[in-house]
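In what follows, a single structure is set out as structure tokens and then discussed.
Note on naming: letters A, B, ... go to the chains in the order of the sequence lines (proteins, then strands), and numbering restarts at 1 for each one.
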Amino acid sequence: MSEKTIANLSRDEQKNFPLQASIEAFVGDPGIVARLFEMGLKVGQKISIEGRAPFGGAFLIRFGSTAIALRSEEAACTRIQLN
Amino acid sequence: MHANSAQLRRCVALVGAPNSGKTTLYNWLTASKFKTVNYPGATVEYSIGRLADRYKDNAKGVDLFLMDTPGTYSLFPKSADEQVTVNAIYQHPEWGVVDTIILVVDATQMERHLILAELLKEAKFNFIIALTMSDILKKNQIQIEKSALEKKYDTQVVLVDGNLGGGVPELVQKISSLDRKHKPVSLNTWSESKMLQIQKDIEQTVLLSEGKSGREQMNQVYDRTAQVDRWLLHPVFGMIFFFLMMWGLFTLIYSGAAPLMDLVDKSFGLLKDKVSSINPDSLAMDFLANGVVASFGSVLVFVPQIFILFLGIGILESSGYLARAATLIDKPFSKIGLSGRSFVPLLSGFACAVPAIIATRNINSTKDRWITNFIIPLMSCSARLPVYALLLGFLFKDQPAWKAGFALAGLYIGAMFVGGFAAAILNKMIKFKDKAFFMMELPLYRKPKATVILKQAASKTSNYIKRAGPPIFAFAVLIWLGSTFPNYQVKDPERLQTSYLSTVGNFVEPVFKPMGVDWRVGVGLISAFAAREVFVSSMAMMFNVTADNEEALKDSMLSAMKDAKFPDGSAIFTVASVSGLLVFFMIALQCMSTVGVQLRENKSWKFAVNQLIIFNVVAYILAVALVQSLKTMGWG
């Protein structure tokens with residue numbers, strides 16, 4: 001399993017938004033993970049990482065008919081596999 | 001068969017995720033004026049309304065009470081708002097355990113919103129599912145197989161249209177005749193495996209109800225919003241748009257409200273004169289005119305501005321833009337201990353701190369909420385404007401208008417910087433780091449409905465009057481008493497100058513001397529505690545200024561200020577002292593309504609008292625420092 005999370009995308013990867021990915025696992029703070037579940041994210045979910053808010057801000061994630069903005073520490077709890 | 005009236009009373013709670021269309025539905029059900037929100041958490045606690053008359057027939061004799069709850073994603077609360085919801089349905093102070101629930105589910109977000117359905121079923125609540133956004137379904141020709149949901153959750157499903165109220169009569173009918181067979185229990189704690197199971201179940205259910213093509217079409221519904229977000233969340237263009245929006249909002253508030261405020265001001269002035277003239281020598285009439293009417297006036301004069309602010313925020317919220325604004329601003333705000341969700345409260349603070357403080361309820365981090373609450377009074381509220389206008393008018397008399405305008409902008413921006421600075425310091429000082437979620441949902445962009453927004457703005461404005469009004473009024477009456485007695489038979493200005501208030505003013509004059517002003521200004525500053533704008537009328541009285549109209553009043557006021565002298569002949573109002581006053585007003589907390597709201601919103605009174613003391617002490621110190629340094633530089 002890769003260590004890649006939404007939060008640690010490389011510079012090059014960040015130049016190529018939107019990025020397609022799928023969720024491999026949830027790690028880290030259980031409180032945040034619980035909330036990520038409630039927002040509708042789940043293992044195996046296909047997501048599109050649309051971009052990032054300025055100043056190193058929130059990551060914009062889209063899946064299905066939903067879009068959410070995740071702070072870095074929240075995004076870091078989501079391990080992904082880039083397609 | 002006629003059951004007694006107690007049995008026919010039923011309280012139904014509306015439960016659902018933020019942005020699910022719950023509050024729109026609530027509006028329909030109660031014909032009341034609550035918010036439609038895209039930006040999460042703007043519902044006030046425990047709002048209960050009676051079923052609207054138009055649906056009485058559908059309820060078939062049941063006296064239906066509907067309770068709106070703050071949006072929640074699950075029954076495991078993670079913020080103060082969500083805790084309110086869970087409390088409301090499990091242990092409502094009046095209704096105890098709520099036995100009937102309308103679960104509001106956005107038909108385009110079923111995979112997420114059905115989590116609540118699973119949990120409600122497990123907790124054995126009696127509920128019906130209201131599937132909202134059916135207008136979007138219709139527009140995109142998406143079909144939903146209700147039976148799949150009905151079977152899975154052993155309940156009934158009603159499709160509802162928030163725009164036209166379609167489906168609501170059927171909903172009322174079904175909920176009033178719902179068989180309350182279960183008794184709710186509390187849930188076991190959350191676990192990851194439980195969550196995974198729930199997700200699996202939901203996936204199945206949704207697939208059955210949407211079908212494969214339904215899913216494809218649902219995804220497309222969001223496409224247009226995603227396209228707009230490429231611009232509005234763009235690092236450069238997004239920020240430009242953001243600043244333009246804010247600038248536009250402020251211009252609207254201040255220039256749009258100005259003619260209305262003048263109207264209110266004049267009307268109350270007229271009313272006051274009318275009442276006075278009925279019997280100029282009567283104390284009771286004086287009280288009525290200068291105590292009652294005048295203080296009503298000082299509360300109501302800001303209604304136009306506050307209404308426009310709520311209107312503006314309402315439009316931004318309903319359209320979906322505010323979630324984007326919060327997302328853009330979150331990172332810079334986080335650096336100083338705030339959150340993106342602090343944005344709307346801080347924005348509201350520019351009209352009035354009272355509704356702004358209430359709006360912080362939806363900030364789920366306790367620390368962020370504290371800090372936001374603490375700095376809200378630094379957002380230059382409407383009441384400061386008349387004071388700024390007077391003092392800047394003095395400083396920039398005979399100078400081109402743009403200079404004063406510049407200075408005014410400087411005062412506003414300066415206050416924002418002080419706020420940011422204060423937030424940063426507090427952030428460093430407060431050690432604990434609590435569970436803070438940002439995780440902002442970015443809803444579909446929608447065209448706001450004019451009637452709904454107007455109604456919501458009106459309702460919020462009337463709430464402002466109800467909350468801010470009484471403290472302002474009470475204090476204004478107090479000031480009236482202090483300024484009228486003991487010499488009430490004499491006319492103003494002698495009456496004021498020999499009053500209790502002036503005695504106090506004289507007594508504390510040593511405090512005001514370092515600020516470069518005398519006891520008369522001191523009286524004005526004390527009076528400003530009722531409401532800041534009272535400073536202007538107090539000053540007019542203390543310096544013997546009367547005039548027939550606003551313009552003449554301003555001019556006479558300015559020349560009176562120019563001529564005002566200390567006993568030793570030196571001028572009272574100088575660049576130094578006026579600048580000191582400006583700084584004082586910029587920072588000092590001179591609003592009893594704010595203190596009142598803080599007392600109520602925070603469990604302990606320490607917060608409110610500390611805030612009051614700290615702000616005023618800091619304001620004083622800075623004002624004195626400024627005055628003394630300007631004096632030594634020769635500006636005094």
Most contact-rich option vs chain A, by heavy-atom pairs under 4.5 angstrom, among B:Asp223, B:Leu328, B:Ile329, is B:Asp223
Max heavy-atom pairs within cutoff under 4.5 Å with chain A, candidates B:Gln109, B:Met439, B:Lys331, B:Lys335, goes to B:Met439
Which bit of B:Ile115 is near chain A, if near means a heavy-atom gap under 4.5 Å: side chain, backbone, both or neither?
side chain
Answer with side chain, backbone, both or neither: which region of A:Glu74 has an atom nearer than 4.5 Å to a non-hydrogen atom of chain B?
side chain
Less than 4.5 Å to any heavy atom of chain A: does that hold for the side chain of B:Arg324, its backbone, both, or neither?
neither
Identify whether the distance between the nearest side-chain nitrogen and carboxylate oxygen of B:Asp368 and B:Arg341 falls below 4.0 Å.
no
Using a cut-off of under 4.5 Å on heavy-atom pairs, state which of A:Gly57, A:Gly64, A:Ala53 scores highest against chain B.
A:Gly64
I'd like to know if B:Arg112 pairs up with B:Asp106 as an ion pair, taking the criterion as any Lys NZ or Arg NE/NH1/NH2 lying under 4.0 Å from an Asp or Glu carboxylate oxygen.
no
Testing A:Gln81, A:Lys4, A:Gln45 one by one against A:Glu24 for a side-chain contact (heavy atoms from CB on, under 4.5 Å), which residue passes?
A:Gln81
Between A:Ile61 and chain B, with a heavy-atom cut-off of 4.5 Å, which part of the residue counts as in contact: side chain, backbone, both or neither?
neither
Can we say B:Glu118 and B:Lys194 salt-bridge, meaning some charged N sits less than 4.0 Å from an Asp/Glu carboxylate O?
no
B:Tyr321 and B:Phe241 aromatic centres sub-6.0 Å:
yes
Could you give me the CA-CA distance, side-chain angles and deciding distance for B:Asp161 and B:Thr132, then say whether side chain to side chain contact (heavy atoms under 4.5 Å, CB included) is met?
CA-CA 6 Å; B:Asp161 170 6; B:Thr132 58; over 6 Å; no
Pairwise distance NZ(B:Lys138) to CD1(B:Ile136) - rounded to 0.5 angstrom:
12.5 Å
Below 4.5 Å from any heavy atom of chain B, which atoms of A:Arg62 appear? Answer side chain, backbone, both or neither.
side chain
Assign the ring pair B:Phe343 / B:Phe242 to parallel, tilted or perpendicular, where the plane angle (0 to 90°) is split at 30° and 60°.
tilted
Does any backbone or side-chain atom of B:Thr225 lie under 4.5 Å from a heavy atom of chain A? Answer side chain, backbone, both or neither.
neither
Could you tell me whether B:Asp135 and B:Arg446 make a salt bridge, using a distance below 4.0 angstrom between a side-chain N and a carboxylate O?
yes
Engaged part of B:Thr72 at the chain A interface, taking heavy atoms whose separation is under 4.5 Å
neither
Quick check for you: among A:Gly51, A:Ser48, A:Ala34, which has the greatest number of heavy-atom pairs under 4.5 Å with chain B?
A:Ala34
Between A:Ala67, A:Gly40, A:Ser72, A:Pro54, the one whose heavy-atom pairs under 4.5 Å with chain B are most numerous
A:Ala67
What residue, out of A:Gly56, A:Pro18, A:Ala58, has the most heavy-atom pairs lying under 4.5 Å from chain B?
A:Gly56
